[in-house]
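These notes are about the structure you will find just below.
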There are 2 protein chains.
Amino acid sequence: MTNSQDDTIASRISRVLAERIISGALPPGARLRQDHLAEEFGASHVPVREAFRRLEAQGLAVSEPRRGVRVAAFDLAEVREVAEMRAALEVLALRHAIANLTPAILDRAAEATAAADAARDVRAWEAANRAFHRLILEPCAMPRLMASIDDLHAASARFLFSAWQSSWQPRTDHDHRAILAALGNGNGEEAVSILGRHVQWIGRTPVRNATGETREIFSIVG
Amino acid sequence: MTNSQDDTIASRISRVLAERIISGALPPGARLRQDHLAEEFGASHVPVREAFRRLEAQGLAVSEPRRGVRVAAFDLAEVREVAEMRAALEVLALRHAIANLTPAILDRAAEATAAADAARDVRAWEAANRAFHRLILEPCAMPRLMASIDDLHAASARFLFSAWQSSWQPRTDHDHRAILAALGNGNGEEAVSILGRHVQWIGRTPVRNATGETREIFSIVG
DNA sequence: AGCTTCAAAATTATAGATAATTATTCCGGT
DNA sequence: ACCGGAATAATTATCTATAATTTTGAAGCT
């Protein structure tokens, strides 16, 4: 439920904090202290608390009454969960979007795909990838559905940044191209079916622990 | 995202308001005035505002900055949207729940079905119906998914109460029985397929307007 | 009568202050 | 040294107060 262009201080704070959590600047478990944040934003803690409630609803923060708010933790199970929810909802959105897709939209989606392939870091890739998905899904004209998908994309992005903090190697997204080809040919159900599999693709990368051990980190790459 | 058992005043207010909105006691478009609510709950408006943020995230209220908060309006398009989202997500949940279903759970789900059939008013029917769905889906062990489904159930219930305010005629739920039968036979995919259709069933009832005109009201009945 | 303009009232948004709760530190006992 | 427990500090949750904005309503004008 990302209804946010409004100018209220609370929503501005919530946007900035969401950005920090997603980017990893605020790591899982980090405490969000209302007074400190209020001071940083030059505001009182009333709007800060309201921002907390929205982050909570988005699944980015967890609040324990009287003990404060923390950045939500996550594990492989949640990465999987978000991937499957995205698959289910994006498939639904695409089915409804198909009738409203125009060649112009498909062209812009192709540009987004090219931008993703050319991306040299995770952030650029994520932005282009998100643009692709939004472009082909938005025409479904289902605002509540799109809001849910946006929140799931935020979660996906967080998993992604957490895994590929520094290491990112360009890849050619064959799924995106296949989806666009199917859509261009009027073969909607094939596009839907590829999208459903595509979103559930979970990438893995090894990372070195502080103690020197190596373990695998997982994230949604699609 | 209905994380609510906590004792904070804001969450209590949010629960009570959600209940009023769902039941129709607060009709679509009704203004929610922070001072009045604060006085009613014997609190200040700070926790009231926090409750607003949660209702907003649940899609039960709409806030226009500096112009106040209103109970969210809805139309046939949103009834359809919620029905389709529920279908997509409940199907996903059931697929994962199947492996964890026990005969005891199926028995309780059968009881819930019987209770729904026996219900003499909408409220009783809704409670029993919700219990049925929760029982067979909960074992999916996907908390984020279940939270989304809960929010969609709240929206469904609102549509339902809005349509069948006074008129309710008992019905025998063949879908529920068919789902349970399929689950009992180890025929999971059939159960999933029936559930997917079932949740999208939209009931219609004629209602008389204040001006004497009659029009049809729609709601999710499943 | 109907519209416009301005002032009063109501309401929202935020700040500042206070009480209550939780975390931390430091000290004495074992 | 280590553990437990008061005293202190930090933090949350809430209330009261103030500023800013919007709505309401009435007077004056065409």
Side-chain angles (χ1 to χ4, degrees), chain A residues 1-21 25-73, chain B residues 1-21 25-73:
Chain A
M1 220 93 312
T2 318
N3 163 31
S4 326
Q5 227 60 319
D6 21 61
D7 89 67
T8 142
I9 295 183
S11 77
R12 190 172 60 88
I13 296 176
S14 129
R15 269 199 306 280
V16 174
L17 290 181
E19 156 65 24
R20 287 185 196 167
I21 294 172
L26 285 170
R31 293 193 60 174
L32 300 175
R33 271 166 294 212
Q34 51 183 218
D35 286 6
H36 298 192
L37 291 168
E39 192 182 12
E40 178 191 337
F41 286 101
S44 85
H45 44 238
V46 177
V48 173
R49 292 178 59 84
E50 290 183 37
F52 285 170
R53 297 289 92 83
R54 183 177 311 183
L55 295 172
E56 220 184 328
Q58 286 179 294
L60 294 176
V62 174
S63 156
E64 283 186 281
R66 309 226 155 246
R67 329 193 95 213
V69 176
R70 295 176 170 275
V71 175
Chain B
M1 220 91 314
T2 319
N3 165 31
S4 323
Q5 226 59 319
D6 22 59
D7 89 64
T8 141
I9 294 183
S11 78
R12 190 172 61 87
I13 295 176
S14 129
R15 271 199 306 278
V16 173
L17 291 181
E19 156 64 25
R20 285 185 196 167
I21 294 172
L26 285 170
R31 293 193 61 173
L32 299 175
R33 271 167 293 213
Q34 49 183 220
D35 287 7
H36 298 191
L37 290 167
E39 192 182 14
E40 177 191 339
F41 286 101
S44 86
H45 48 238
V46 179
V48 172
R49 291 178 59 84
E50 290 184 36
F52 286 170
R53 296 291 93 83
R54 182 177 310 183
L55 295 172
E56 219 184 329
Q58 286 180 292
L60 294 176
V62 174
S63 157
E64 284 186 281
R66 308 229 153 244
R67 331 191 92 212
V69 176
R70 296 176 169 276
V71 175

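Hydrogens, waters and symmetry mates are skipped; everything else that's a heavy atom, side chains included, is used.
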- Message: Rounded to whole Å, how long is the line connecting atom CD1 of B:I9 with atom C1' of C:dA19?
- Response: 12 Å
- Note on the structure: note: A:R12, atom CZ; C:dA13, atom P; distance rounded to Å ~ 16 Å
- Query: How close do B:G59 and B:A72 get, heavy atom to heavy atom, and via which atoms?
  - Reply: O-CB, 3.5 Å
- Close side-chain approach of A:R12 and A:P47, heavy atoms under 4.5 Å: no
- Note on the structure: Bounded by its outermost nucleotides with an atom under 4.0 Å from a heavy atom of chain A, the footprint on DNA chain D reads D:dT11 to D:dT14
- Task: Identify, between B:G68 and A:R67, the residue whose nearest nucleotide on DNA chain C lies closer to the 5' end.
- Result: B:G68
- May I ask you to list the residues of residues 36-49 of chain A, by number, that have any heavy atom positioned under 4.0 Å from an atom of DNA chain C? A:G42, A:A43, A:S44, A:H45, A:V46, A:P47
- Message: Between B:R54 and B:S11, is there a side-chain heavy-atom distance shorter than 4.5 Å?
- Response: yes
- Query: Do B:L37 and B:L17 have side-chain heavy atoms sitting under 4.5 Å apart?
  - Reply: yes
- How about A:V16 and A:E40: do any of their side-chain heavy atoms sit closer than 4.5 Å? no
- Task: Whole angstrom is fine here: how far is it from CD in B:Q34 over to P in C:dA13?
- Result: 6 Å
- Message: Measure CD/B:E64 against P/C:dT11 and give the value in whole Å, please.
- Response: 17 Å
- Message: Could you tell me if the side chain of A:L32 sits less than 4.5 Å from the side chain of A:V71, heavy atoms only?
- Response: yes
- Item | Closest contact, heavy atoms only, B:S14 versus B:L55 | O-CD2, 3.7 Å
- Separation between CD (B:E50) and CZ (A:F52), nearest 0.5 Å, reads 10.0 Å
